[in-house]
Structures are given as C-alpha cells and as structure tokens.
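Data first, discussion second: the structure below is written as structure tokens.
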Protein chains: 2
Amino acid sequence: MTDVNLNILDEEPQLCESSDRTAYPPALALEKAQRMADFFGLLADANRLRIISLLADTELCVGDLSIALEMSDSAVSHQLKTLRALRLVRYRKQGRHVFYQLLDRHVFDLYNTVLEHLDESAIE
Amino acid sequence: MTDVNLNILDEEPQLCESSDRTAYPPALALEKAQRMADFFGLLADANRLRIISLLADTELCVGDLSIALEMSDSAVSHQLKTLRALRLVRYRKQGRHVFYQLLDRHVFDLYNTVLEHLDESAIE
DNA sequence: TTAATGCATGAACAGATATTCATGTGTTAT
DNA sequence: ATAACACATGAATATCTGTTCATGCATTAA
C-alpha cells in the first residue's frame, strides 16, 4: 500500500524530458490520427446514432425518420447529407420519397460494440 | 441493372408517413444515444488519440507527452484532465512528475479496430 | 395548371470544445 | 531562502458543429 510503484512495469523507459523528440516512441501520425478522429466524430452525435440504429434494420424515408426520431425534416436531411458524403448510407428515390438504408456494416459493428460496453459498465 | 430495388429486402415496412410515431421501429433511446455519442466523442480528437496511442504502450509524464506530440504542456494537461475524469488513464506522482498510463483497454481495442479499418479502406 | 408534398440546401444562430495565456501550487535544486 | 521546474487550472478565444429558418426544386394530387 505504501509502494505506489507496485504494479508498474519496470522496463518503462522513464525518459522524462530527454528533449529529443525522436527518443520517444513514435506517436500516431497526426494526419492518420485526424482521420481516425473524423471517423469517431461521425458517431459522436446522438441523433446520428439513432438514425444509424434505425437504418440498420429498416429502409426508411426522410419523413419516416423525422417522425420516428421526433426531429425536423431539415435536421434529418442535414444529417443524412453527412452520412451520404461518407458513403455510410445508400439511398434510392421513389416518387417524391427518398429511401435510405445503412450501407457500412462496419460502422454498425462499432455501434453495437459500444452499445454493449455501455450496458455492462456505466461509463460515467 | 434496371431494377433499382434489386437488393432491397422486400419485407420492408414501407410505412412512410404514418404520422404515428409508435408505428415505427423503436429508435435508440435518446439518453442512451447521448451516452454513446459522448463515448465516441472521447475518441474524436486527433491529439487525444495520439495521447492514448502513447500511453497504451508506455508510461509517460506530461512533459514527455508534450515533447513527443509537439503540444504545449498546458494542452496536454487539459487533455489528460478529461481522460482522467473518465477514468481512462491512471496516474502516479513521483517527485514533481506525474506519470500517466492507459487504464481502459476497451478504448484501446476500439482504437485499434478503427486503425485497422482505415488501413484497409480509405474511408474518405 | 395550380397547389401541395417530400426533400435538399445555404445562411444564420447557438452550443460545444480545444487551444493559448496567465497564474497558482507543490517539489527539487542551488 | 530563492529560483527553477513540472504540472494543473480558470478565463478568454477561435473553431467546429448541429439545428432552425427560409427558400428552392422535383414530383404528385387536384
């Protein structure tokens, strides 16, 4: 209880201020990190997640989504625009309706992974 | 090639504007969606991802991180504050240094999942 | 043809967030 | 004791982002 260093790996570099940046383990490249961040950012909006959850199971048009999610048509449409831009959804036009469907299953896998994670451990 | 409805499931409800919200499949509850969004939001910042990538392999102090990532001490410290608030990192004080280490492996799993995903498919 | 519907979109606005800057606290070195 | 160092933090700032509002376009209904 007194030894705070108890469970720490002892082979840690302990560089501490070598001031030579190359002495440190290579960090994730900023550009790649930014692309990952953008990807996670897609899932970092509650309404977008709810749209994804619906479009994963069912093909729905904009009006359907706005009713089911109690959002405005415009808000839904804007969200779908971003999902479209990243090819996460496909859509087909039928008359004056536009039906959307989730295209990228990988995104849905991630969605489910985190959903289960939050169920077991209250992340807060 | 002419049938746009080719690969669409035919048992789709096609509700379209039933105007009864309960007629639609239940959307992810807004509160839960928000918690998921917050979780993804944690990973939606390039510098935070780079911090996570370093702390997953190595125990480092604030100064180390700021040098390795070419960020200001203050910016790093602020980021660590948010990671700390969510119990994603542990830290131990040693003299005037504070060493940080990634605590939540689940986050790192997600990190790696997306990292690999971006490697194979250029998401843009 | 005219009106109404479904959707898209640009601009404006509001809220969130990451960084910098200034400052404070505690520790080590001189 | 005094100075330098490592880190934390509040405030201010700038940027990003999601929604609303107004409008436009295409399609269907009257």
Side-chain angles (χ1 to χ4, degrees), chain A residues 4 14-19 30 33-52 55 59-86 89-101, chain B residues 4 14-19 30 33-52 55 59-86 89-101:
Chain A
V4 291
Q14 291 277 20
L15 300 163
C16 236
E17 312 292 328
S18 90
S19 89
L30 185 56
Q34 189 57 60
R35 290 199 301 147
M36 289 181 66
D38 291 342
F39 184 78
F40 281 118
L42 289 180
L43 302 173
D45 179 80
N47 284 332
R48 211 147 49 220
L49 287 175
R50 300 204 305 153
I51 289 175
I52 288 171
L55 295 184
E59 188 188 37
L60 291 171
C61 65
V62 179
D64 289 337
L65 287 168
S66 73
I67 292 172
L69 298 174
E70 300 183 277
M71 294 174 61
S72 74
D73 286 2
S74 181
V76 170
S77 197
H78 275 294
Q79 292 288 25
L80 289 172
K81 182 190 176 86
T82 68
L83 295 180
R84 240 165 39 218
L86 290 135
V89 294
R90 67 157 59 190
Y91 62 98
R92 72 185 167 88
K93 298 180 182 179
Q94 179 178 306
R96 50 187 172 188
H97 294 277
V98 180
F99 290 91
Y100 284 85
Q101 189 183 14
Chain B
V4 290
Q14 290 278 23
L15 300 164
C16 234
E17 311 293 329
S18 87
S19 89
L30 185 57
Q34 188 58 58
R35 289 200 301 147
M36 289 180 67
D38 290 343
F39 184 78
F40 281 118
L42 289 179
L43 302 173
D45 179 82
N47 284 332
R48 211 148 47 221
L49 287 175
R50 300 204 304 155
I51 289 175
I52 288 172
L55 294 185
E59 188 188 37
L60 291 172
C61 65
V62 179
D64 288 337
L65 286 167
S66 73
I67 292 171
L69 298 175
E70 299 183 276
M71 294 174 62
S72 74
D73 285 3
S74 182
V76 170
S77 196
H78 275 294
Q79 292 288 25
L80 290 172
K81 182 190 176 88
T82 69
L83 296 180
R84 239 164 38 216
L86 290 136
V89 295
R90 68 156 61 189
Y91 63 97
R92 72 186 166 86
K93 298 181 182 180
Q94 179 180 307
R96 52 188 172 186
H97 294 276
V98 180
F99 290 90
Y100 284 85
Q101 189 183 14

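All chains are named by letter (A, B, ...) in the order of the sequence lines, taking the proteins before the strands, and each is independently numbered beginning at 1. Both backbone and side-chain heavy atoms feed into the values below; hydrogens, waters and symmetry mates do not.
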Whole Å only: how far is the CG atom of D73(A) from the C1' atom of dA4(C)? 14 Å
Going by heavy atoms in the side chains, are F99(A) and H97(A) under 4.5 Å from each other? yes
If I take atom CG from residue L86(A) and atom CG from residue L83(A), how far apart are they, to the nearest 0.5 angstrom? 7.5 Å
Between protein and nucleotides 16-18 of chain D, what N or O pairs are separated by less than 3.5 Å?
unit_1  : atom_1 : unit_2 : atom_2 : d
dG18(D) : OP1    : R48(A) : NH1    : 3.1
dG18(D) : OP1    : R48(A) : NH2    : 2.9
dG18(D) : OP2    : R48(A) : NH1    : 3.4

Residues which pass side-chain contact (heavy atoms from CB on, under 4.5 Å) with A37(A), listed by chain and number, not counting sequence neighbours: Q34(A), A46(B), L49(B)
Is the ring of H78(B) stacked on the base of dT9(D), with centres less than 5.5 Å apart and planes under 30° off? yes
How long is the span from the SG atom in C61(B) to the NZ atom in K93(B), to the nearest 0.5 Å? 14.0 Å
Check against side-chain contact (heavy atoms from CB on, under 4.5 Å), L43(B) and I52(B): CA-CA 9 Å; L43(B) 302 173; I52(B) 288 172; 3.8 Å; yes
Would you say dT20(C) has OP1 or OP2 under 4.0 Å from some side-chain N or O of S72(B)? yes
dT19(D), dC7(C), dG10(D): which one has an atom nearest the side-chain heavy atoms of A75(A)? dT19(D)
Residues passing the side chain to side chain donor-acceptor pair (under 3.5 Å) test with Q79(B), sequence neighbours excluded, are D45(B), R48(B)
Ignoring hydrogens, what is the shortest heavy-atom contact between D73(A) and S66(A)? Give both atom names and the distance. OD1-OG, 2.8 Å
R50(B) (side chain) donor-acceptor with L69(B) (main chain) under 3.5 angstrom: yes
Between R84(B) and dC7(D), is there a contact of a side-chain N or O with OP1 or OP2 at under 4.0 Å? no
What pair of heavy atoms forms the shortest contact from L65(A) to L60(A), and how long is it? CD2-CD1, 3.9 Å
Gap between atoms NZ and C1', on K93(B) and dG26(C) respectively (whole Å): 9 Å
Between P on dT17(C) and CG on L49(B), what's the gap in Å once rounded to a whole number? 16 Å
I67(A) atom CD1 is separated from dG6(C) atom C1', nearest whole Å, by 11 Å
Atom CG of L80(B) and atom P of dT9(D) are separated, to the nearest Å, by 11 Å
Looking at Y100(B), does any N or O in its side chain come under 4.0 Å of the phosphate oxygens OP1/OP2 on dA6(D)? no
Winner on side-chain proximity to H97(A), out of dC7(C), dT19(C), dA8(C), is dC7(C)
Have a look at Y91(B) and say if it touches a base, only the backbone sugar-phosphate, or nothing, with a 4.0 Å heavy-atom cut-off. nothing
For R84(A), side-chain contact (heavy atoms from CB on, under 4.5 Å) partners two or more places apart: K81(A), V89(A), Y91(A), Y100(A)
Roughly, in whole Å, what's the span from NZ in K81(B) to P in dT19(C)? 15 Å
Just the rounded figure in Å: distance from P of dT19(D) to CD of E70(A). 14 Å
Taking CZ from R92(A) and C1' from dG6(C), how many angstroms apart are they, rounded to a whole number? 15 Å
Using a cut-off of 4.0 Å between protein heavy atoms and nucleotide atoms, how would you tag nucleotides 22-30 of chain D 5' to 3' with B, S and -? -----BBS-
